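Quick notes on the structure that follows.
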Number of protein chains: 2
Amino acid sequence: MRSLGNRTVLYQQNVAASLGLYNNDFLSIDILREKGPITAGELSKLTGLTTGSVTALIDRLEKNGYVRRQNDPNDRRKVIIVPLYENKDDVINTYQPLHTAMVKLAASYTDEELALISQFLGQASAVLEEQIDQLGSTARGKSSS
Amino acid sequence: MRSLGNRTVLYQQNVAASLGLYNNDFLSIDILREKGPITAGELSKLTGLTTGSVTALIDRLEKNGYVRRQNDPNDRRKVIIVPLYENKDDVINTYQPLHTAMVKLAASYTDEELALISQFLGQASAVLEEQIDQLGSTARGKSSS
């Protein structure tokens with residue numbers, strides 16, 4: 001798991017670099033793609049970045065066409081960040097070789113095996129989310145003291 | 001996989017922050033733990049950081065007791081970076097809750113299932129390493145042009 005973790009971090013850094021993006025900018029794009037439109041405050045909480053950093057980050061991403069700010073249709077007082085991620089050809093092209101390699105890897109397993117692996121990955125992801133929450137609250141505790 | 005990937009990146013960032021380390025410093029510690037003692041040049045290649053950045057990074061880590069520079073016993077002309085990682089109580093303590101949660105998750109699977117999952121994780125890790133190599137050579141191609 002830790003070996004895969006390091007590779008994942010390095011891979012994300014390399015993808016970000018090849019797209020000319022800061023690591024946290026790229027990570028935020030990926031989080032938005034997963035979560036759908038959220039507010040700047042929610043993005044700040046999810047990334048652990050300060051609201052000031054997130055504002056600058058959204059400015060950069062909006063300028064480069066990765067996201068768009070718009071009024072929340074459910075609450076006009078709120079501004080949400082909408083990902084424009086999947087439309088960007090350079091993002092799709094950058095991920096394409098990984099996608100192809102992963103599809104090939106998955107093809108060497110049966111449907112039953114893939115269901116088991118997928119279940120494990122989902123659970124591991126949930127464990128990590130919980131751990132991030134706990135680390136985040138510890139760090140916030142430290143910085144406010 | 002992508003959801004787990006984002007969680008992994010965020011988790012590593014949070015661990016680094018809670019230890020008061022830069023992300024790349026923490027990542028380098030983890031790579032050294034995995035690979036064992038390597039030269040600064042090898043670490044530079046693995047992380048994709050410039051040799052100048054790696055030198056400054058090793059200075060910081062040595063100062064904080066995470067690594068030690070020493071002459072390679074097999075080749076006295078070479079200096080290798082030796083991880084002192086596992087001795088650091090604050091690192092162990094920071095990882096402990098994740099370790100406990102992952103052991104608990106693993107206990108809900110049979111040995112046979114865990115062997116399959118472990119095989120998949122190893123293969124996914126190898127796929128990522130290959131992709132990082134390819135992205136790295138693309139990025140180097142770009143920056144030298």
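Residue numbers begin at 1 in each chain, while the letters A, B, ... track the order of the sequences. These numbers come from a predicted model, not from an experiment.
- Once rounded to the nearest 0.5 Å, the distance linking CD of Q131(A) with CD of Q134(A) reads 5.0 Å.
- With a 4.5 Å cut-off on non-hydrogen atoms, E112(A) does not touch chain B at all.
- L105(A) touches chain B through its side chain: at least one heavy atom from C-beta onward sits under 4.5 Å away, while N, CA, C and O do not.
- Only the side chain of E34(B) comes within contact range of chain A, with at least one heavy atom under 4.5 Å from a heavy atom of that chain.
- If you measure heavy-atom distances from Q12(A) to chain B, the contacts under 4.5 Å come from the side chain alone.
- With a 4.5 angstrom heavy-atom cutoff, Q13(A) touches chain B only via side-chain atoms.
- With respect to chain A, the highest number of heavy-atom pairs below 4.5 Å among T47(B), V15(B), L27(B), N24(B) belongs to L27(B).
- The structure places CG of D89(B) at 11.0 Å from CD of Q96(B), a figure rounded to the nearest 0.5 Å.
- Interface residue E129(A): backbone and side-chain heavy atoms are both found under 4.5 Å from chain B.
- Looking only at heavy-atom pairs under 4.5 Å with chain B, the residue among P97(A), S118(A), G122(A) that has the most is P97(A).
- Considering CG of L46(A) and CZ of R7(B), their distance stands at 8.0 Å, rounded to 0.5 Å.
- Closest non-hydrogen pair, P37(A) versus I80(A), comes out as CB-CD1, 3.9 Å.
- Contacts between V127(A) and chain B at a heavy-atom distance below 4.5 Å involve the side chain alone, from C-beta outward.
- Both L121(B) and V9(A) belong to a single network of hydrophobic side chains, linked directly or stepwise wherever heavy atoms of I, L, V, M, F, W or Y lie under 4.5 Å apart.
- Remark: R33(A) CZ to N6(B) CG distance equals 7.0 Å, nearest 0.5 Å.
- Taken from OG1 in T110(A) to CG in L116(B), the straight-line distance is 7.5 Å, to the nearest 0.5 Å.
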